[in-house]
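Because the structure is predicted, anything quoted here is derived from the model rather than measured.
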Amino acid sequence: MDTASLALTMTSMQAGSRAQQASMIALKQANEMDQSIVNLLASAAEDIKALLPDGVGGMIDRDA
């Protein structure tokens, strides 16, 4: 294998590696965003429950 072919092979391998890294970073960020949304929804649900009078939602809480 000559030097030019070796350089081309190494360059394409690096590009593939960078693409995989970018995909992993994007997946990690998407997961973090999803987790933030879940946390916000859980917090909103707790806030709403705190506003309800005693006894409201009791059956739902027991069944859940």
Student: Share the residues that join I37 in a hydrophobic cluster, the rule being Ile, Leu, Val, Met, Phe, Trp or Tyr side chains under 4.5 Å apart at the heavy-atom level.
Tutor: L41
Student: Can you run down the side chain to side chain donor-acceptor pair (under 3.5 Å) pairs that involve residues 18-44, sequence neighbours left out, and say none if there aren't any?
Tutor: Q35-N39
Student: Out of curiosity, L8 CG to D2 CG, how far, rounded to the nearest 0.5 Å?
Tutor: 10.0 Å
